[in-house]
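Okay, structure first, notes after.
Note on naming: letters A, B, ... go to the chains in the order of the sequence lines (proteins, then strands), and numbering restarts at 1 for each one. Everything numeric in this text was worked out from a predicted model, so none of it was measured.
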Number of protein chains: 2
Amino acid sequence: MGIQERKTRHKEDLRKRILEAAKKLFLTAGYDATSIRKIAKEIEFSPTTIYLYYKDKRDIIYALHREGFQVLRQNFQPLMQVESPFERLKALGRCYIRFAFTHPDLYELMFVMKDPMEYLEVNCVETEWEEGERVFDFLLQTVRDCQQVGYFKGLDPNHVAMEAWASVHGMCALYVSGHLKSMMQVVFESDDQEGMIENAFRVLARYLESTK
Amino acid sequence: MGIQERKTRHKEDLRKRILEAAKKLFLTAGYDATSIRKIAKEIEFSPTTIYLYYKDKRDIIYALHREGFQVLRQNFQPLMQVESPFERLKALGRCYIRFAFTHPDLYELMFVMKDPMEYLEVNCVETEWEEGERVFDFLLQTVRDCQQVGYFKGLDPNHVAMEAWASVHGMCALYVSGHLKSMMQVVFESDDQEGMIENAFRVLARYLESTK
DNA sequence: AAAAGTAATGAACAGTGTTAACTTTTTAAA
DNA sequence: TTTAAAAAGTTAACACTGTTCATTACTTTT
């Protein structure tokens, strides 16, 4: 069945080329500026062809969403080696923030935009947000490990993990949306957003440290 | 000049009616479903008439954005009376979260969407995000008041305030975007988002408390 | 060679924000 | 009161959007 195989490979290839084109447009011009027609022009196919490979536009951005989570998990990989649970937790936070700053559009797609989540709800097999689950599970396990060595005494690890995620996500979300920038210009008359986030994270780290 | 005045009042009236129609559509159907044409149909005017009162669509949503901040400040008003700075700080956080849960669309408009911020950048008088400034200043002053009675020793109030805002914003943002819902269904097999946020906030409050 | 199946497309639908040119209404001056 | 100017509002159009349907071009199977 070598012919059949080649055909399948060709199909998969076009699927990938569509996604690559979509990613390119998305990362250079943003979501709203990424239209089906522009993607089609990029790969030199008719717009309707895209619908043979992806259900609709949300299907495409959901594919990018999944890809983003793979990249994030790759970023997290080296942290597994960090011995100290608390150092690992802090590194996790810093890594998460760095990801948001280096891939703001991807971050927005993964953690801010509603469309991919709506896609999940509609095409529901109920339990399908594996990527997100794995990432949160890593955080959760790290929190539990911290408890083993005396941190977060008397606190529910689920709530601790949730609070930690919300904190760093809050910083990143304010950054990618431009709210941090506007706020800092007005309130602090400064432009060093990265420094501000760095310092805010240090405060958070102090809080966590003091639970020991 | 009574006639001139009446005319001005009439113009202001139509401006308001446009905004009311926009708000109604926005709150019932969301931003994307709120088109200029639909707003026009709602107030029974031609679509182009709207452009005589608002520069463009972003101008309208920026007006809603400002209105939202007025509502938020009204919600904060009673908290001024809270004597204890730390109690005030906690009440501020709870109040902020309650606002996000009761007006999720408005919250999204005010703190998540990029468009109003972009509108600010384009129509720049540089320093024009008064509403946001006032709200953050209130938080900042409360943090300083807390320091006066022994909290946050050795910490920069700016960074403490930033961290606090990021934390609660993170919770709210994950709620309004649907990420919290998906995550909880997958990881905790639960639907009680409000309870989760409540508990996460309690953890944060514990952190803050422990700085005394 | 004819039939069946697949891949790709052109044309169209119903909608979007926005602008230019035109018409109607209102105001002010002669 | 008539007339000219200014303001308010509308129609038609442009250049887009996501998406669907009928049709063509090509490949494989019978």
Rounded to whole angstrom units, what separation is found between the [atom1] atom of [X] and the [atom2] atom of [N]?
{"X": "B:L52", "N": "C:dA20", "atom1": "CG", "atom2": "P", "answer": "13 Å"}
{"X": "B:I50", "N": "C:dT19", "atom1": "CD1", "atom2": "C1'", "answer": "15 Å"}
{"X": "B:I61", "N": "C:dT16", "atom1": "CD1", "atom2": "P", "answer": "17 Å"}
{"X": "B:D56", "N": "D:dC16", "atom1": "CG", "atom2": "P", "answer": "18 Å"}
{"X": "B:K57", "N": "C:dT18", "atom1": "NZ", "atom2": "C1'", "answer": "12 Å"}
{"X": "B:L25", "N": "C:dT16", "atom1": "CG", "atom2": "C1'", "answer": "15 Å"}

**Request:** Determine the contact category for A:Y53: base if any of its heavy atoms lies under 4.0 Å from a base atom, sugar-phosphate if only primed atoms, P, OP1 or OP2 are that close, otherwise nothing.
**Result:**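 Sugar-phosphate contact only - A:Y53 comes under 4.0 Å of backbone atoms but never of a base.
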
message = Can you work out whether B:T49 or A:K55 has the more 5'-proximal nearest nucleotide on DNA chain D?
response =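 Its nucleotide being nearer the 5' end, the pick is B:T49.
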
Between A:Y53 and A:F45, does the ring centroid distance fall short of 6.0 Å?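 Ring-ring flag for A:Y53/A:F45: false, centres at least 6.0 Å apart.
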
Side-chain donor-acceptor contact under 3.5 Å, A:D59 with A:Y119
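Yes, A:Y119 and A:D59 have a side-chain donor paired with an acceptor closer than 3.5 Å.
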
Pairing donors with acceptors under 3.5 angstrom, does anything connect the side chains of B:Y54 and B:Y62?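 No.
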
Contacting residues from residues 30-46 of chain A, given that a heavy atom lies under 4.0 angstrom of DNA chain D:
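Nucleic-acid contacts, sorted: A:T34, A:S35, A:I36, A:R37, A:K38.
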
Over all atoms of both residues, closest heavy-atom pair of B:P116 and B:L109:
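Nearest pair, atom of B:P116 first, then B:L109: CG-O, 3.6 Å.
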
> For B:V203 and A:H159, which heavy atoms make the closest approach, and how far apart are they?
Replying inline: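 So the two residues come closest at CG2-CB, 3.6 Å.
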
Which nucleotide, C:dT19, D:dT19, D:dG9, lies nearest any side-chain atom of B:Y51?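 When the side chain of B:Y51 is considered, C:dT19 is the closest of C:dT19, D:dT19, D:dG9.
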
- Task: Please determine, for the side chain of B:T48, which listed nucleotide (C:dT19, D:dG18, D:dT20) has the closest atom?
- Result: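 Among C:dT19, D:dG18, D:dT20, the one nearest the side chain of B:T48 is C:dT19.
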
query: Is any side-chain heavy atom of A:D105 closer than 4.5 Å to a side-chain heavy atom of A:Y31?
result: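 No. Closest side-chain heavy atoms not under 4.5 Å.
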
